[in-house]
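The structure appears below as structure tokens.
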Amino acid sequence: MLNRTMVITLERFILEQEALQPDDRGELTNLLYDIALGAKLIASQIRRAGLVNIVGTAAAVNVQGEEQQKLDVYANETLQNALNHTGRVCAMASEEDEGLIPIPAGYSPGRYAVMFDPLDGSSNIDVNAPVGTIFAITHRLSSEGQGTERDVLQPGTELVAAGYVIYGSSVMMVYSTGNGVHGFTLDPTIGEFLLSHENITTPRTGKYYSVNESNFGRWSSAVQRAVRGFHGDDPARIKGKNSRYIGSLVADFHRNLIAGGVYLYPADLKNVHGKLRLLYECNPMAFLAEAAGGKATDGSRRILEIQPTSLHQRTPLVIGSAEDVDYVSTVIAEIEGRP
Ligand code: FBP
């Protein structure tokens, strides 16, 4: 029985879970811990963002053609430095870098490939809204030495772990190795992530829907019909929901994971393949959603079954409570005349 003096640190919990992954020989444990360290450093900068010269743009543009925030650059470098010297990682891919990030000379490449969005929702930084770091881990396919794109371009079904860190009213790390989804809250007084949400499961249907409705006019009629269902226009099949949209995937996903709901970023006339990146955003969140009893599709296909073909490919995303995601797939299939 837990009492006030018994705390479950991230390290202790992962170690206890390790028994469930015998062939990872503790390396996955240490890799998750490396990511947690990087997140603590990023959190310390975000917490002081308004006080130190780290808000605003870095006067640079990333591979997505987006203006980089100074904190984007800081978070990207911090995660790479937390991972590139440990002997656990053979290659990294970041939403902020055009190509694969090699392991620096002098360090030995390891068994895992790591994909990450160092600071998701970064357009929210200057307005003090929640942002996050998203990561996914897979075993390498190549035999030895520096990793290759092949190690990173694996379908989400091959992931061994995924998670995010949300920098909100508190800093939380939420991850899964396929055995449940667990949340740890950073206790700033001791600098440790402590178990606060064990075995998170997401309700089958939820009270929230999260989508940027300003894109409504650019959606297909099928997507418009599905979202109207969430407005309450299809009471026979689905109850109307409350709208919540922060414009930060991590924050919107986290709310819906805990309270139930669905997040959508459909394709539209401007983002014909959707906006979100398969490797750094959709796959890790889909892995978590499914491990918590939810679902994730591109409107019809299961996200985790999509075979990646390029580092920065985008995909439409419908993710969250299983029945809400199914509702969208059903309506889209009906309107588009698919079985
Ligand atoms: P970044 O990773 O570049 O921040 O982009 C992703 C994102 O900010 C998501 O976090 C968010 O849900 C979405 O884009 C918001 O897009 P929009 O402003 O078009 O609604």
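Whatever order the structure lists them in is the order used to number ligands and atoms, beginning at 1. Because the structure is a prediction, the values reported are computed rather than measured.
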> Gln154 side chain to His139 main-chain N or O, any donor-acceptor pair under 3.5 Å?
Replying inline: yes
> Is Val250 close to ligand 1, meaning an N/O of one under 3.5 Å from an N/O of the other?
Replying inline: no
> Hey, mind stepping through Leu311 and Asp97 against side chain to side chain contact (heavy atoms under 4.5 Å, CB included) and telling me if it holds?
Replying inline: CA-CA 10 Å; Leu311 288 182; Asp97 286 77; over 6 Å; no
>> Within ligand 1, which atoms have a heavy atom of Asn212 less than 4.0 Å away?
In response: 17 (P), 19 (O), 20 (O)
>> Test of understanding: given a 4.0 Å heavy-atom threshold, classify the contact between Leu276 and ligand 1 as side chain, backbone, both, or neither.
In response: side chain
> Going by the order shown, which atoms of ligand 1 are within less than 4.0 Å of some heavy atom of Arg277?
Replying inline: 1 (P), 2 (O), 3 (O), 5 (O), 6 (C)
>> With respect to Ser123, determine whether any N or O atom, backbone or side chain, lies less than 3.5 Å from an N or O atom of ligand 1.
In response: no
> Would a distance-only check, ignoring hydrogens and angles, find a side-chain to backbone donor-acceptor pair under 3.5 Å from His273 to Arg314?
Replying inline: no
>> Can you tell me if Tyr280 contacts ligand 1 (heavy atom of the residue under 4.0 Å from the ligand)?
In response: no
>> Under the side-chain hydrogen bond (donor to acceptor under 3.5 Å, both in side chains) test against Ser210, which residue among Arg244, Arg255, Lys241 passes?
In response: Arg255
> At what distance, to the nearest 0.5 angstrom, does CZ of Phe116 lie from CG of Asn76?
Replying inline: 5.5 Å
> Short list, please: which atoms of ligand 1 are under 4.0 Å from a heavy atom of Glu95?
Replying inline: 1 (P), 2 (O), 3 (O)
> What atoms of ligand 1 come closer than 4.0 angstrom to any heavy atom of Tyr263?
Replying inline: 11 (C), 12 (O)
> Numbering the atoms of ligand 1 from 1, which are under 4.0 Å from a heavy atom of Tyr245?
Replying inline: 12 (O), 13 (C), 15 (C), 16 (O), 17 (P), 20 (O)
> Would you say the side-chain atoms of Asn256 pair up with the backbone N or O of Gly320, donor to acceptor, closer than 3.5 Å?
Replying inline: no
> Who gets closest to atom 11 (C) of ligand 1 by heavy atom: Pro130, Gly247, Ser122?
Replying inline: Gly247
> Given that the side chain starts at C-beta and the backbone is N, CA, C, O, which of these parts of Leu249 lies under 4.0 Å from ligand 1, counting heavy atoms, or is it both or neither?
Replying inline: both
>> Between Thr330 and Arg237, does the side chain to side chain contact (heavy atoms under 4.5 Å, CB included) criterion hold? Intermediate values first, please.
In response: CA-CA 11 Å; Thr330 306; Arg237 290 197 290 184; 4.0 Å; yes
>> I want to check a possible cation-pi pair here: Arg140 against Tyr112, using under 6.0 Å from ring centre and within 45° of the ring axis as the test.
In response: no
